[in-house]
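Read through the structure below, which is laid out as structure tokens, and then see the notes.
Order of the sequence lines fixes the chain letters, A, B, ..., with proteins taken first and strands second; residue numbering starts at 1 for each chain.
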2 protein chains.
Amino acid sequence: MTQEAIERVRSSLGRSRLRWSPQREQIVLAFLKQDHITIRSLYGFLNRNGRRTPLNTIYRTMRVLCENGFAQARRFGEETQYDNISTKGDHDHLICTGCGHIVEFEDPAIEELRQQVALANGFHLTGRNLELYGLCAGCRSYPVPPAMA
Amino acid sequence: MTQEAIERVRSSLGRSRLRWSPQREQIVLAFLKQDHITIRSLYGFLNRNGRRTPLNTIYRTMRVLCENGFAQARRFGEETQYDNISTKGDHDHLICTGCGHIVEFEDPAIEELRQQVALANGFHLTGRNLELYGLCAGCRSYPVPPAMA
DNA sequence: GTTTTTGCAAAAGATTTGCAGCCAA
DNA sequence: TTGGCTGCAAATCTTTTGCAAAAAC
């Protein structure tokens with residue numbers, strides 16, 4: 001099924017007369033396995049397994065994926081995270097500040113309220129970003145030492 | 001009343017055995033007049049009116065203000081915005097992608113739902129960040145040319 | 001063949017840090 | 001007097017860009 005997902009990206013790019021290369025395939029392959037990933041971790045992964053891929057190629061490819069609706073960039077704190085949105089709708093994030101674990105969630109009631117707030121202020125909503133920070137159950141019981149997080 | 005606000009910051013820093021300087025006063029003064037401000041605009045302002053203040057001094061002072069509960073840093077897109085939270089509770093933002101205008105809002109119902117989501121996932125909530133992006137009424141009627149935004 | 005992508009190096013932009021001298025408490 | 005603050009310059013980090021060679025279609 002990963003093969004199928006790859007194929008979807010490939011043909012979508014093709015329709016925009018963008019090209020497919022081994023580097024691009026490696027990056028997309030790695031990206032599609034994750035729910036969210038950073039440039040840094042992609043870089044680490046790609047240069048550990050497989051061919052050497054410089055940072056700027058990764059940046060460029062991720063930008064292409066964003067422009068074509070497969071990825072969405074967002075900043076969690078310091079790092080820019082790339083969200084895999086090819087198979088998911090809009091969603092929000094719950095982030096554990098202890099271990100870094102991220103839980104995705106969708107809440108129609110919150111979405112409804114967002115629309116109301118926008119409307120009340122005369123805005124036409126085009127994007128939203130909700131991040132909730134806290135400690136997950138595990139971290140409250142067994143705090144992760146910062147060095148290991 | 002600005003004088004009073006300044007005094008509050010000053011004595012709070014004093015209690016943490018941090019010092020007060022003319023530069024710090026200028027920065028705090030400029031910051032307290034705003035709801036949110038960027039380093040860049042503070043820099044522009046301070047070096048237009050008043051004494052010369054280098055960027056690193058502004059960064060350092062804003063960090064001190066964050067650490068002492070007067071400011072809160074958050075990234076809206078590219079720029080880090082410093083929120084004046086000394087006189088306000090937690091709040092969220094509605095951001096016009098046309099003109100850059102920012103509206104603050106508080107919505108108890110959304111807050112309630114956030115708590116529920118956190119609870120349902122076993123998280124103890126410590127922070128939240130909700131940004132809604134869209135076009136304000138003015139920008140839908142009279143779009144602002146990017147160059148002027 | 002033409003156009004896009006790659007990879008290197010360099011640039012750009014934001015933020016931080018080292019350090020000597022200055023200044024507030 | 002002492003330890004924090006300033007200001008300069010340099011370092012760091014992330015992301016972008018110029019460009020010639022290589023690859024894709």
Could you state the atom-to-atom distance from [atom1] of [X] to [atom2] of [N] in whole Å?
X	N	atom1	atom2	result
A:Ile58	C:dG7	CD1	P	10 Å
A:Asn56	C:dA12	CG	C1'	14 Å
A:Ile27	C:dT6	CD1	P	7 Å
A:Tyr59	C:dG13	OH	C1'	13 Å
B:Arg24	C:dC23	CZ	P	15 Å
A:Glu25	C:dT5	CD	P	15 Å
A:Arg60	D:dA22	CZ	C1'	13 Å
A:Gln26	C:dT5	CD	C1'	16 Å

- [ ] Would you kindly compare A:Val64 and B:Leu18 by the position of their nearest DNA chain C nucleotide and give the one closer to the 5′ end?
- [x]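 Closest to the 5' end, via its nearest nucleotide, is A:Val64.
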Considering just the side-chain nitrogens and oxygens of [X], establish if one lies under 4.0 Å of OP1 or OP2 belonging to [N].
X	N	value
A:Arg40	D:dT14	yes
A:Arg63	D:dT15	no
B:Ser21	D:dC5	no
B:Gln23	D:dC5	no
B:Thr80	C:dT15	yes
A:Thr57	C:dG7	yes
A:Arg17	D:dC25	no

Can a donor-acceptor pair be found, under 3.5 Å and without considering hydrogens, that links the side chain of [X] to the backbone of [Y]?
X	Y	result
A:Arg140	B:Gly122	yes
B:Thr57	B:Thr53	no
A:Thr61	A:Ile58	no

TODO: Tell me yes or no: between the side chains of B:Gln81 and B:His93, is some donor less than 3.5 Å from an acceptor?
DONE: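 No pair is found: no donor N or O on one side chain lies under 3.5 Å from an acceptor on the other.
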- [ ] Indicate whether the side chain of A:Arg74 and that of A:Gln72 have a donor and an acceptor atom separated by less than 3.5 Å.
- [x]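 Short answer, yes.
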Open item on the list: Nearest to the side chain of A:Arg19, heavy atoms from C-beta on, is which of D:dT6, D:dG4, C:dT5?
Closed with: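 Nucleotide nearest to A:Arg19's side chain: C:dT5.
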